Amino acid sequence: MNCREFTEFLHEYLFGDLPVGERAEFEMHLAECPWCVAYLDSYQATLQLVQVARTAEDDVSPTDAPEELVRAILRARPRIS
Amino acid sequence: MAPARPSAPVLDEATLLARMQAGDDEAFEACVRTYCGRLLVVARRILPNEEDARDAVQDAFLAAFKQIDRFEERSKLGTWLHRIGVNAALGRLRKLHKHPEQPIESLLPHFGEGEHQFDPPAPWQATSDAILQGKESRELVTRCINRLPDAYRTVVLLRDIEGIDTDETARLLGTSPGVIKTRLHRARQALRTLLDPYFRRDDL
């Protein structure tokens, strides 16, 4: 396995989708290539950073809705006759 | 002190739904007041400007109200509205971007002799909890996500931020789960490239 293949299959490796044989090759490459170790670590850190951005945005209260938008939606709602 | 906002009664989901299905105005208002803020956050992430985001939220509620008789309690009302909101925002985004898709290649790793990367990856600073939780790094990540080409940005938003699974993301974007998996990996690689200058340690 070379560095190009390593970066291609990284996703499958991290999410357990690599067959056993390829997983062993992947780990052999990792044992001898400090650049790919750094790449793997920074890729995982990226995933962590995105997750933090996600949880931070989860905290939205209903009062964050602009009143004029609420009114516009209610005005535009067709009434059941 | 901020002026009090008009309020609608807080109803449990089954009561709210039954009253909306019976055409009760107060229940529709309670529904809009409960979910409008969350749908607006989603639409603002997907669309480039506030006006389009608000229009998408309005489209979403009107589409949902039209189908309210057909809503079955297999999913939660909030989850159902969230998906309709995502779909409405994606629909507006498709109308806005008729030009060819931007390439992502410049943000992916490049390889030279021996298939090593041209720009050898360097270790990052420890992204300790304090750094990760900081407002600055959250804003940085959001800015970097917004720099991705739309076909990749939408996949990161739907999968990683909105928490929608691969199959449903594929359905919402009109493509296959395999394409979504490939795009997600490329999008994450591109994000790593964009974040690299802020976190890499060149002192080693």
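Note on naming: letters A, B, ... go to the chains in the order of the sequence lines (proteins, then strands), and numbering restarts at 1 for each one. Not measured: the values here are computed from a predicted model.
With a 4.5 angstrom heavy-atom cutoff, B:Leu191 touches chain A via backbone and side-chain atoms both. Heavy-atom distances place no part of A:Phe6 under 4.5 Å from chain B, backbone and side chain included. Contact of B:Glu139 with chain A is not made at all, since no heavy-atom distance falls under 4.5 Å. Of the two parts of A:Leu47, only the side chain, counted from C-beta on, holds a non-hydrogen atom closer than 4.5 Å to a non-hydrogen atom of chain B.
Contact annotation: the side chain of A:Tyr39 approaches that of B:Pro109 to within less than 4.5 Å [non-hydrogen atoms, C-beta and beyond]. With a 4.5 Å cut-off on side-chain heavy atoms, B:Asp25 and A:Arg77 count as touching. In this structure, A:Pro66 and B:Leu40 have side chains that are in contact, with non-hydrogen atoms separated by less than 4.5 Å. At a threshold of 4.5 Å between non-hydrogen side-chain atoms, the residues A:Leu49 and B:Phe199 count as touching.
Put simply, OH on A:Tyr43 and OG1 on B:Thr193 are 11.0 Å apart, with the number rounded to the nearest 0.5 Å. In this structure, the separation between NE2 on A:His11 and CZ on B:Arg188 is 4.0 Å, given to the nearest 0.5 Å. Rounded to the nearest 0.5 Å, atoms CD (B:Gln58) and CZ (A:Arg75) are 8.5 Å apart.
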**OP:** Please test B:Glu29 against A:Arg71 for side chain to side chain contact (heavy atoms under 4.5 Å, CB included), starting from the C-alpha separation and ending with a verdict.
**Re:** CA-CA 9 Å; B:Glu29 179 169 353; A:Arg71 293 264 152 230; 4.0 Å; yes
Original post:
What do the steps show when you test B:Cys36 against A:Ile73 for side chain to side chain contact (heavy atoms under 4.5 Å, CB included), and what is the final call?
Top reply: CA-CA 9 Å; B:Cys36 189; A:Ile73 293 166; 4.1 Å; yes
Original post:
Could you walk me through whether B:Arg33 and A:Glu67 pass the side chain to side chain contact (heavy atoms under 4.5 Å, CB included) check?
Top reply: CA-CA 9 Å; B:Arg33 291 197 183 281; A:Glu67 186 57 26; 2.9 Å; yes
Original post:
Is there a side chain to side chain contact (heavy atoms under 4.5 Å, CB included) between A:Thr46 and B:Trp124 once you walk through the steps?
Top reply: CA-CA 10 Å; A:Thr46 301; B:Trp124 280 14; 3.3 Å; yes
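Counting non-hydrogen atoms of other residues, nucleotides and ligands closer than 6.0 Å to CD of B:Gln67 gives a total above 12.
In this structure, the side chain of B:His185 engages the main chain of A:Thr7 through a donor-acceptor pair within 3.5 Å.
We find that B:Arg54 and A:Glu68 are joined by a salt bridge, their nearest charged nitrogen and carboxylate oxygen being less than 4.0 Å apart.
Side-chain atoms of A:Ser42 and B:Arg192 include a donor-acceptor pair closer than 3.5 Å.
Between B:Pro121 and A:Ala38, the shortest heavy-atom distance links the atoms O-CB, 3.8 Å.
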